[in-house]
Each structure stands twice: as structure tokens, then as C-alpha cells.
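None of these values were measured; they are calculated from a predicted model. Residue numbers begin at 1 in each chain, while the letters A, B, ... track the order of the sequences.
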2 protein chains.
Amino acid sequence: MDGCGHDHAQMGMKPAAVRAALDAAEAACGLDGERMTAPRRRVLELLLAAGEPVKAYDLIAAYGRDGEAAKPPTVYRALEFLERRGLAHRIASLSAYVACSHDRAEHAAAFLICDCCGATAEVPAGAGAQLAGSAGDLGFVIQRATVEAHGLCARCRPDA
Amino acid sequence: MDGCGHDHAQMGMKPAAVRAALDAAEAACGLDGERMTAPRRRVLELLLAAGEPVKAYDLIAAYGRDGEAAKPPTVYRALEFLERRGLAHRIASLSAYVACSHDRAEHAAAFLICDCCGATAEVPAGAGAQLAGSAGDLGFVIQRATVEAHGLCARCRPDA
DNA sequence: GGTCGTGATGTTATCTCATAACACTCCCTC
DNA sequence: GAGGGAGTGTTATGAGATAACATCACGACC
């Protein structure tokens with residue numbers, strides 16, 4: 001949303017925090033016998049530094065430190081890995097990707113997405129609770145859920 | 001999911017039911033001063049007959065009764081109208097569209113999507129309930145929500 | 001230390017999903 | 001019957017994602 005008449009806060013981690021998070025993620029991968037390779041690390045770095053949902057093609061454009069773009073499969077493969085590890089999430093309603101904001105990756109995340117400033121909060125998301133009720137009645141077994149609420153964050157609410 | 005080793009039920013309305021639903025939708029539009037034009041009616045007809053989520057380009061391909069395809073904007077504009085009226089919903093996690101299964105359009109629908117047979121159940125979806133709690137704590141105002149649970153329906157569950 | 005298998009990457013090409021832009025038509029209203 | 005707004009037809013293009021295949025890096029095993 002543009003022209004909303006107010007400033008938007010800066011988001012994303014500072015470089016030192018990004019490095020720390022990357023190192024932690026790399027260590028966790030090592031314990032599981034998975035490899036935090038260069039492209040995976042780079043894509044996670046971009047997501048962490050942004051701190052908000054980023055479009056895949058923005059990652060592709062920003063990938064090279066010299067301003068050179070990556071090839072799409074490079075970034076999409078890294079994103080697939082990061083999602084599988086719980087280090088990143090896809091926001092289907094935005095066709096965008098965001099770094100997971102939890103220390104320990106939770107499955108079943110839910111998101112509050114501000115349509116004004118783009119800020120995204122990842123919330124604990126047993127939000128499938130009521131959903132699980134309906135599902136159970138129908139004999140439906142839930143394996144994963146996409147829960148994305150759009151609206152206005154506290155900073156962007158006109159009243160407040 | 002293919003090769004899952006069991007049959008899938010047929011879905012979708014019979015022609016008579018489709019006609020009835022189309023006429024009802026048209027009447028409702030008339031009351032609100034909106035026009036159920038030919039392309040809108042045709043796209044809704046295809047969605048109702050399918051009874052499950054349909055990709056936009058499948059609608060485009062099936063649009064002409066003589067096997068001729070529509071132009072993309074024709075179908076996308078009709079879908080936009082149907083969504084606005086609550087007659088259809090977009091399933092973001094599938095990039096697909098489905099006819100609304102409620103007589104009276106509810107806002108804030110939630111979906112149970114079987115990854116095996118493609119069947120989709122639209123459930124009452126106060127499923128934002130717990131979500132609303134987290135949102136309130138953060139001062140976040142929810143305007144609309146995407147709630148899509150993937151899993152296996154009763155017919156496709158291996159146990160059952 | 002070799003070699004073998006697996007998983008990851010690089011590269012090209014293509015496929016799917018969605019919309020911008022503009023001309024034209026239909027219908028309602030005055 | 002002129003004017004305005006909503007809707008449609010058409011062309012072109014932008015944006016999102018993946019298929020296919022060659023090559024490369026790494027660990028396991030002998």
C-alpha cells in the first residue's frame with residue numbers, strides 16, 4: 001500500500017545478528033547431516049536481512065554481491081531446502097518467502113501480514129485448533145496448513 | 001497424488017443443480033444491481049460443474065463450448081467478480097479457484113484440501129479464532145484470512 | 001589413495017500464472 | 001439520442017516456478 005501517509009519502520013536483522021543466525025543454522029544442519037552450502041546460506045542471509053517477505057525474483061536479483069542475478073533454479077532450490085528445514089516459509093497469498101522467526105523451527109506456522117507496511121508476524125499457530133475440529137468431524141487428517149491473516153499492524157492502524 | 005491405489009469419487013453438481021445455482025446467483029446479483037454477464041456465468045458454471053478447485057488455465061481451456069479457449073483476461077476478470085461476490089474463492093496454496101459451497105456467501109472461509117483426490121471442503125472458518133487472539137495481543141487488525149489445510153480426506157485415508 | 005554413489009550445483013529452456021493497456025460495446029440515465 | 005460508466009475483446013508482456021541434463025563436490029568403502 002502506498003501513500004498511506006505515515007512512515008514504516010525498518011525491518012530485518014543487523015549484519016552481526018544475521019551472521020549469528022546463519023552460523024546457528026549451519027551448526028544445526030551439521031548435526032542432522034545436512035549441508036548448509038553457499039547458495040543456501042546466501043538465500044537465508046538475504047531473507048534474514050530483509051526481515052519481511054521477499055519475492056523469489058527479488059532474491060534472484062539480489063543474489064550476487066556484485067549485482068549479478070542468480071539463475072532461478074539456484075534460488076528456488078535453496079528455498080526448498082530452507083523450507084524443508086523450517087528455516088524459511090512460503091507465504092502463499094503473497095507468493096513470497098520469509099525467514100522463520102523462531103529459534104526452533106515450528107511446523108504449522110501462522111502469519112499476520114500488514115498490507116500497509118509489509119511487516120509480517122509469525123505467531124504460534126495452533127490456529128488450526130478450530131479447524132482441527134471441523135476436520136475431525138469429517139474424518140479429514142490435516143498434514144500441513146497455510147494460515148495467513150491480512151490486515152493492518154499496530155503501527156499502521158489509522159485509529160490506534 | 002497418483003497411483004494411490006484407490007478410486008476417487010466423482011465430484012461436482014449435476015447439470016440441473018448447476019442451472020439452479022446459476023439462476024440463484026443471477027437473481028442475487030440483480031438485487032444488488034450487479035450484472036451476471038455471459039462470461040461470469042460461464043466461469044461460475046464451470047466451477048460448479050467441477051465441484052473441486054480448478055486452475056485458471058483449465059477454465060480458460062474449457063471456456064468455449066466448441067473447444068475453443070478464452071483469452072486469459074476474460075476468465076481472470078470473471079473470477080475477480082465471482083470472488084468479490086463471494087461466489088468463488090481462490091485457493092492460494094494451489095493457485096486454483098473453487099465455487100463457494102455455501103448458499104449465502106460467507107466471508108472468511110477455510111478449506112480442507114485432500115492432496116490425494118483433490119476434494120475440497122469449505123468449513124465455517126471461525127478458524128481465525130485462535131489467530132484473532134494473537135492478533136489482538138499485537139494490536140493487529142485482521143481484514144481477511146487465508147486458511148487452507150492440506151491432508152487426506154476420509155475416503156483417501158490409508159487407515160480408516 | 002582410488003572409485004563409486006549420492007546429493008548439490010550450473011545452465012538452458014520452457015511452462016504456468018496473472019495483468020497492463022487500449023479500443024470498443026453495451027446499457028442505463030437524463 | 002448524447003453522455004457516462006461498467007464490461008468485454010484483444011494484444012502483448014510481466015512475474016512465478018520448474019523440467020531436463022551435464023557437471024561437480026563430498027563421504028563411504030575397499
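For dA15(D), neither phosphate oxygen OP1 nor OP2 lies less than 4.0 angstrom from any side-chain nitrogen or oxygen of Ser95(A). The shortest distance between the side-chain N/O atoms of Arg90(B) and the OP1/OP2 oxygens of dA18(C) is below 4.0 Å. Proximity of Thr74(A) to the phosphate of dG10(C): a side-chain N or O atom is located under 4.0 Å from OP1 or OP2. Between Lys55(B) and dC17(C), a side-chain N or O to OP1/OP2 separation shorter than 4.0 Å is present.
Residue Glu80(B) contributes atom CD, which lies 13 Å from atom P of dA18(C) at whole-angstrom precision. Lys71(B) has its NZ atom 19 Å from the P atom of dA21(C), to the nearest Å. Between Tyr76(B) atom OH and dT10(D) atom C1' there is a gap of 17 Å when expressed in whole angstrom units. Between the CZ atom of Arg40(A) and the P atom of dA25(D) there is a distance of 15 Å, given to the nearest Å. Per the geometry, CD1 belonging to Ile60(B) stands 11 Å off C1' belonging to dT19(C), to the nearest Å.
Taking the six-membered ring for Trp, His89(A) and Phe111(A) have ring centres closer than 6.0 Å.
Within a 6.0 Å sphere centred on CD of Glu80(A), other residues, nucleotides and ligands contribute 12 heavy atoms or fewer. Within 6.0 Å of CG in Asp137(B) there are more than 12 heavy atoms belonging to other residues, nucleotides or ligands.
For dA17(D), its base sits under 3.5 Å from the side chain of Tyr57(A) at one donor and acceptor pair at least. Below the 3.5 angstrom threshold, one finds no donor paired with an acceptor across the side chain of Arg77(A) and the base of dG7(C).
In summary, of the residues considered (Arg41(A), Arg40(A), Arg35(A)), a salt bridge (Lys or Arg N to Asp or Glu O under 4.0 Å) with Glu26(A) occurs for Arg41(A) alone.
Among the protein residues, Pro73(A) comes within range of the nucleic acid bases, having at least one heavy atom under 4.0 Å from a base atom.
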